[in-house]
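Please read the structure below before turning to the comments.
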Amino acid sequence: MSAAEPFLVPRQYSTPVNGTSLLPLLLLSLARQRQSPITTKSVKKEYDYVIIGAGSAGSVVANRLTEIPCVNVLLIEAGSPPPVLTDVPVFARESWYTPYDWFYRTAPQAHTGNGLVGRQLVYPRGKMLGGSSTMNHMVYVRGNRHNYDNWAALGAKGWSYDEVLPFFKKLEDNRDSDIVADGYHSVGGPITAMRPTYTTETKPSMIQSAANLGYPSLDSNGPRQTGLYDHQATVRNNQRCSTAKGYLVPAENRTNLDILPNAMVTKILLENKRATGVQFDYKGASYVVQARNEVIVSAGSLNTPQLLMLSGIGPSEELNKFNIPVIADLPVGKNLQDHGGPNLDFVVNIPIQTSGEKQKNSSVVKQYIYKRSGELAAADGEIVQLFLPSTYVPPGEDNPDYQSHFSETTTDIAKKYFGLTPEVYNQVYKPYEGKPLISCYTTSIQPKSRGTVTIQSVNPYDAPIVDPNYFDDPQDLDVVVQAMLTCLRVGTTPPLGNIVTRIQTLFPGCEQYAGNDPEYFRCQAQSVITTIFHPVGTAKMGDPSDPTTVLDPELRVKGIDGLRVVDGSVMPTITSGNTNAPIIMIGEKASDIIKQSIVCTSSPNNTANNDIANNVLFYA
Ligand SMILES: Cc1cc2nc3c(=O)[nH]c(=O)nc-3n(C[C@H](O)[C@H](O)[C@H](O)COP(=O)(O)OP(=O)(O)OC[C@H]3O[C@@H](n4cnc5c(N)ncnc54)[C@H](O)[C@@H]3O)c2cc1C
Ligand SMILES: *[C@@H]1O[C@H](CO)[C@@H](O)[C@H](O)[C@H]1NC(C)=O
Ligand SMILES: *[C@@H]1O[C@H](CO)[C@@H](O)[C@H](O)[C@H]1NC(C)=O
């Protein structure tokens, strides 16, 4: 049996509690929160705004625009409503390879991937209401103040840290009073954040070892980022708080918002350099819906560039390959940035259950049902984050360039989700099957490498070609090697060093190096890296006169009227950490920008209630 086999096989959504007697109780307890909104019964022929993609950003825009009663909006989503069990944080990976996942892989990598099947990384994306916010690991990180000041300096007027902070506050409902007290937070917003109420047996030692090494515990979303972040997660009472829950459910009964799942947009319609609507497939038929004011593309950093290119907006040399008429020659799909990196694993020497055993243990499941605590509250086993500077960062600057995620794991995760060659799995991980492991996952959070998203055909159902081009710039590899050395220091410093031991097995092809040698770590990182799925930058915003931008600072596609992009694609440079909160912020700020252009008049064309029969396109 090949280690890589499971990831080649699509499967139905299922979790360790499926088929157990605890399932009905668990579902009943989850029902206290609604995961997903009521969806539409009929679709009109035209709307003021048509939004493509109900993910982290699209859901925000749909909610905020329909706060204005004179505006009506259609939100079109390719995926379906999410399964209820996506609410349980520990089941975060269960939607991979299911119909709720786009099921992508990267292009073969040039600078890493010796130990991966086809040199390709597994690359899931959420395909459901809430998008990737319904699939992600819920780690709540805003990034660094310098990220946004840098955006503004690069020409993204209005996006400096001081200008985006109010929108970070607006999206937030922070439930930890010690964190709210630092002045950078707020309560009552749509997305709830709190520390998961789960403490792994190793966590106190981890925090103490980091402190012993001089890495203080702090709120990395507050005044300073550098140090140990005992992180908050985007959960509400330890149930996932996706944007479907936070933004779509509260807006579900507005008569000026129609939410249409299971509908795949295949093209943006353009007439005389103006977006007039979209073409989409629904239940086997193809439809056209008109947009009176704007089409807003929120399909995420991989599908947004694909859809723009299929519609004639992109680099002419790419479009010419497929005979797509060029409507706007713009650098769509360039500037791809992501956070990829290696893991350094430790085996836990105190007698504890593995994370897999805990998920199957009925007393652990009951602890979640009745107390909302225990292992099920830990998103994919995440424990703490370290944000630290490599030697490339000027001393004293609060601008960390690597992040280390500590998490509880097992060899099962490596086997099912990393895309390893059987050789790597058998040599490195197999000897540790059934053992509780701690993983230190490291990534360069300000990578210098740039990749691309391109298309392989004119068929919208073919996956885009995603090449993150990890380690193209050698500095990124240097940074992760320094980060791995930090993992090793934390894992060997008491008290953590007393209860964990680094796994002894070395990666195939790297055995000539001593295991603690930087050259060894370099070799390992060139063999296997995984990603934490933060592709951004493929429709860069900034100064319109800059030839590398696709969008102006108000996120309008250059040279096209009535067309905006609002999602992770717009970032000029990647933020220093996990990208969900920054992308929700982008949705909030974009909504604010768009609302400033809305003028309500009493003209019949501009009312939400023109629900007359001949305006109906179809009944869903
Ligand atoms: C496995 C995983 C773990 C992650 N962990 C974290 C984490 O712990 N913390 C964190 O901050 N971030 C995390 N992220 C990243 C974060 O979730 C994403 O950056 C963010 O959700 C992306 O938002 P978006 O709006 O750009 O795109 P998405 O949320 O992906 O939304 C795009 C939506 O558009 C839809 N769509 C695409 N094409 C079409 C089409 N043609 N027609 C109709 N609809 C379409 C998609 O189905 C999707 O719903 C993770 C991501 C993944 C995948
Ligand atoms: C929307 O209406 C339904 C049916 O009346 C109701 O059950 C639901 O709670 C409403 N949603 C909100 C957010 O008010
Ligand atoms: C289940 O978990 C409980 C509480 O953590 C523990 O005491 C018990 O030994 C576990 N049972 C099994 C079968 O592992």
Side-chain angles (χ1 to χ4, degrees), residues 50-62 75-80 95 99-107 122-136 243 260-269 275 278-282 295-315 318-319 322 324 330-338 451-468 531 533-540 550-551 555 557 563-571 579-580 583 586-587:
V50 174
I51 303 173
I52 307 166
S56 294
S59 304
V60 179
V61 181
L75 175 62
I76 307 186
E77 167 56 46
S80 55
S95 50
Y100 308 100
D101 175 9
W102 284 89
F103 215 114
Y104 293 148
R105 279 181 290 161
T106 69
V122 179
Y123 217 74
R125 307 301 295 160
K127 187 179 185 181
M128 51 191 148
L129 294 176
S132 298
S133 81
T134 315
M135 168 187 260
N136 73 15
T243 55
L260 181 70
N262 301 311
M264 167 88 171
V265 175
T266 53
K267 199 172 189 179
I268 301 158
L269 302 172
V278 308
Q279 184 179 320
F280 66 95
D281 292 343
Y282 181 76
V295 171
I296 297 170
V297 194
S298 300
S301 305
L302 309 182
N303 296 101
T304 286
Q306 178 186 29
L307 199 51
L308 289 173
M309 285 188 251
L310 292 177
S311 310
I313 301 169
E318 282 301 319
L319 304 193
F322 303 97
I324 300 171
L330 291 169
V332 171
K334 315 269 190 201
N335 193 46
L336 174 64
Q337 295 157 63
D338 189 22
T452 52
V453 173
T454 51
I455 52 175
Q456 54 171 313
S457 79
V458 295
N459 181 350
Y461 291 91
D462 282 345
I465 302 173
V466 180
D467 182 5
T531 158
F533 325 101
H534 298 164
V536 299
T538 50
K540 177 181 174 180
V550 173
L551 313 173
L555 310 183
V557 176
L563 185 61
R564 253 182 254 252
V565 175
V566 183
D567 60 23
S569 319
V570 314
M571 291 191 187
T579 43
N580 188 42
I583 293 171
I586 288 168

Next item on the list: Would you sort out whether D462 and S457 count as a side chain to side chain donor-acceptor pair (under 3.5 Å), showing the intermediate values?
Entry: CA-CA 7 Å; D462 282 345; S457 79; 2.6 Å; yes

Check: Do you know which two heavy atoms are closest between G314 and M309, and how far apart they sit?
Finding: CA-CG, 4.2 Å

Notebook entry, point to check: Taking C-beta and beyond as the side chain, do Y461 and M264 meet within less than 4.5 Å on heavy atoms?
Noted result: yes

Margin query: Can you give me the closest heavy-atom contact between L75 and A54, atom names plus distance?
Written below: CD2-CB, 3.7 Å

Notebook entry, point to check: When rounded to the nearest 0.5 angstrom, what is the spacing between OG1 in T452 and CG in D467?
Noted result: 4.5 Å

Next item on the list: Please report the shortest heavy-atom distance between V565 and V570, naming the atom on each side.
Entry: O-CG1, 3.5 Å

Notebook entry, point to check: Would you call I296 and I52 a side-chain contact if the rule is heavy atoms closer than 4.5 Å?
Noted result: no

Next item on the list: Enter the distance from I465:CD1 to I455:CD1 here, rounded to the nearest 0.5 Å.
Entry: 8.5 Å

Note to self: Any side-chain to backbone donor/acceptor pair from T134 onto L129? Under 3.5 Å, distance only.
What the structure shows: yes

Check: Which heavy-atom pair separates I51 from S298 by the least distance, and what is that distance?
Finding: CG2-OG, 4.0 Å

Note to self: Is there a side-chain contact between P99 and K127 in this structure, where contact means two heavy atoms from C-beta onward sitting under 4.5 Å apart?
What the structure shows: no

Notebook entry, point to check: Passes side chain to side chain contact (heavy atoms under 4.5 Å, CB included), V557 versus L551? Steps please.
Noted result: CA-CA 5 Å; V557 176; L551 313 173; 3.7 Å; yes

Check: Going by heavy atoms in the side chains, are L308 and I268 under 4.5 Å from each other?
Finding: yes

Check: Between N303 and Y104, is any side-chain donor less than 3.5 angstrom from a side-chain acceptor?
Finding: yes

Checklist line | Contact check, side chains of P464 and Q456, non-hydrogen atoms, under 4.5 Å | finding: no

Next item on the list: Considering non-hydrogen atoms only, spot the tightest contact between A275 and V295 and give its length.
Entry: CB-CG2, 4.1 Å

Checklist line | Test side chain to side chain donor-acceptor pair (under 3.5 Å) applied to S133 and N580, step by step | finding: CA-CA 7 Å; S133 81; N580 188 42; 4.9 Å; no

Notebook entry, point to check: Are L260 and F280 close enough that some pair of their side-chain heavy atoms sits under 4.5 Å apart?
Noted result: yes

Item checked: Y282: partners by ring-ring contact (aromatic ring centres under 6.0 Å, His included), with sequence neighbours left out -> F618

Note to self: The test is side chain to side chain contact (heavy atoms under 4.5 Å, CB included); show your working for L302 and Y123 and say whether it passes.
What the structure shows: CA-CA 11 Å; L302 309 182; Y123 217 74; 3.7 Å; yes

Check: If you round to the nearest 0.5 Å, how far is OG1 of T266 from CD of Q279?
Finding: 4.0 Å

Item checked: Any side-chain heavy-atom pair of M571 and I586 under 4.5 Å -> yes

Notebook entry, point to check: Can you check whether V332 reaches I313 side chain to side chain, under 4.5 Å on heavy atoms?
Noted result: yes

Notebook entry, point to check: Rounded to the nearest 0.5 Å, how far apart are CE of M128 and CG of N262?
Noted result: 12.5 Å

Margin query: Quick check against the 3.5 Å criterion: does T538 have a side-chain atom that pairs as donor or acceptor with the backbone of S301?
Written below: yes

Item checked: Side-chain donor or acceptor of D338 paired with backbone N/O of H534 under 3.5 Å -> yes

Next item on the list: Supply the atom-to-atom distance W102 CH2 to S132 OG, rounded to the nearest 0.5 angstrom.
Entry: 10.5 Å

Item checked: Separation of T243 OG1 from I583 CD1 (nearest 0.5 Å) -> 10.5 Å

Note to self: Please find the pair of heavy atoms, one from G300 and one from P305, that lie closest to each other, and give the distance.
What the structure shows: O-CD, 3.8 Å

Check: Under 3.5 Å, side chain of D101 to main-chain N/O of P124, donor-acceptor pair present?
Finding: no

Note to self: Looking at T304, is its backbone amide N or carbonyl O close enough to the side chain of S569 to form a donor-acceptor pair, meaning the two atoms are under 3.5 Å apart?
What the structure shows: no

Item checked: N335: side-chain contact (heavy atoms from CB on, under 4.5 Å) partners, not counting sequence neighbours -> Q337, R450, K540

Check: Does R125 have any salt bridge (Lys or Arg N to Asp or Glu O under 4.0 Å) partners at least two apart in sequence or in another chain, and if so, which?
Finding: none

